[in-house]
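Each residue takes its place number in the sequence, starting with 1.
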Amino acid sequence: MSSEKIDELQKLYDDPNVDSFLQEICEYYATKEGYADSSYEEEIEPEEIVEPVYILFCLQKREQILDTFSYIGKKYPLLFASIEPIYNKILINMDYQSLQSECEHQLVKSFPGTVSAEIYDKVEALGKSKDLTAAIDSFYLWLQTKK
């Protein structure tokens, strides 16, 4: 990861306009880019699990999240380049229910002990929390019980 991107990440952590949930997303994608040849897979969670979880929780507060992503794009362009694909995926899918269903299906494939309805219900309940970072942690703990 470039020193400029690290500097932006540090500034992002101090920015009161960006909550810890979106800081976590930025860190995940920026850090992932810093690894060569998918070597990150040993150190950070796999994308086929993390991305659908992030998207499902982003959809819970879609408009607010998209606004904050836009703010990040203006203020932290190097970091935004890392998260732009997830931003575009959420922005472009105006019918967010199909995107939600796609993410749920991806998690069902990774955690065969689950069904889409369970995932939906859990995300829906946890997504009402003001602290989406803690909600995601709870969701991951719940997913681990489904292995």
Report task. Establish whether V115 and I49 are linked, either directly or via other cluster members, by ILVMFWY side-chain heavy-atom contacts under 4.5 Å. Result -> no
Query raised in the report: How about Y28 and I83: do any of their side-chain heavy atoms sit closer than 4.5 Å?
Result: no
Query raised in the report: Partners of F21 by ring pair (Phe, Tyr, Trp, His ring centres under 6.0 Å), sequence neighbours excluded?
Result: none
Requested in this report: Hey, can you tell me if F139 and F57 have their rings parallel, tilted or perpendicular (30° and 60° cut-offs)?
Outcome: perpendicular
Requested in this report: Check side-chain contact (heavy atoms from CB on, under 4.5 Å) between S20 and all other residues, then give those that pass, not counting sequence neighbours.
Outcome: Q23, D131, T133
Query raised in the report: To the nearest 0.5 Å, how far apart are CD1 in I6 and CG in L78?
Result: 11.5 Å
Query - Selection residues 58-68 - residue pairs positive for side chain to side chain donor-acceptor pair (under 3.5 Å), sequence neighbours left out - result: none
Report task. Give, for atom OH of Y87 and atom CD1 of I65, the distance between the pair rounded to the nearest 0.5 Å. Result -> 12.5 Å
Query raised in the report: So, the side chain of D19 versus the backbone of L22: is there a donor-acceptor pair under 3.5 Å, distance only?
Result: yes
Donor-acceptor list for residues 96-105 side chains, cut-off 3.5 Å, not counting sequence neighbours:
from	atom 1	to	atom 2	distance (Å)
S98	OG	D95	O	3.0
Q100	NE2	E104	OE2	3.2

**Report entry** Note, V123 side chain near W142 side chain (heavy atom, < 4.5 Å)
**Finding:** no
Requested in this report: Side-chain contact test, heavy atoms from C-beta onward, threshold under 4.5 Å: evaluate it for I55 versus L59 and give yes or no.
Outcome: yes
**Report entry** Test side-chain contact (heavy atoms from CB on, under 4.5 Å) applied to E47 and Y54, step by step
**Finding:** CA-CA 10 Å; E47 189 173 15; Y54 281 154; over 6 Å; no
Query raised in the report: Quick one: salt bridge (charged side-chain N to carboxylate O under 4.0 Å, His left out) partners of K89, sequence neighbours excluded?
Result: E51
Query raised in the report: Between L12 and I72, which heavy-atom pair has the shortest distance, and what is it?
Result: CD1-CG1, 4.1 Å
**Report entry** side-chain contact (heavy atoms from CB on, under 4.5 Å) against N88, all qualifying residues, sequence neighbours excluded
**Finding:** E84, I92
**Report entry** Contacts of type side-chain hydrogen bond (donor to acceptor under 3.5 Å, both in side chains), residue S129, not counting sequence neighbours
**Finding:** none
Query raised in the report: How far does CG of L91 sit from CG of L66, to the nearest 0.5 angstrom?
Result: 5.5 Å
Query raised in the report: Which atom names give the shortest non-hydrogen contact between G127 and L132, and what distance separates them?
Result: O-CD2, 3.8 Å
**Report entry** S82 and K5: side chain donor to acceptor below 3.5 Å
**Finding:** yes
Requested in this report: With sequence neighbours excluded, tell me which residues meet side-chain hydrogen bond (donor to acceptor under 3.5 Å, both in side chains) with S116.
Outcome: none
**Report entry** With S138 via side-chain hydrogen bond (donor to acceptor under 3.5 Å, both in side chains) - residues at least two apart
**Finding:** none
Query raised in the report: Looking at residues at least two apart in the chain, or sitting in another chain, which of them share a ring pair (Phe, Tyr, Trp, His ring centres under 6.0 Å) with F111?
Result: none
**Report entry** Value rounded to 0.5 Å, distance of CG in L107 from NZ in K109
**Finding:** 10.5 Å
Query - Stepwise side-chain contact (heavy atoms from CB on, under 4.5 Å) test for E8 and F80 - result: CA-CA 10 Å; E8 280 193 1; F80 186 75; over 6 Å; no
Requested in this report: Working to the nearest 0.5 Å, report the span between CG of L141 and OG1 of T145.
Outcome: 8.5 Å
Report summary line: Taken to the nearest 0.5 Å, the spacing of C58 SG from I90 CD1 works out to 4.0 Å
Report task. Sequence neighbours left out, what passes side-chain contact (heavy atoms from CB on, under 4.5 Å) with D15? Give chain and number order. Result -> N17, V18, Y71, K75, Y76
Query raised in the report: Can you name the residues that form a side-chain hydrogen bond (donor to acceptor under 3.5 Å, both in side chains) with E118, not counting sequence neighbours?
Result: K146
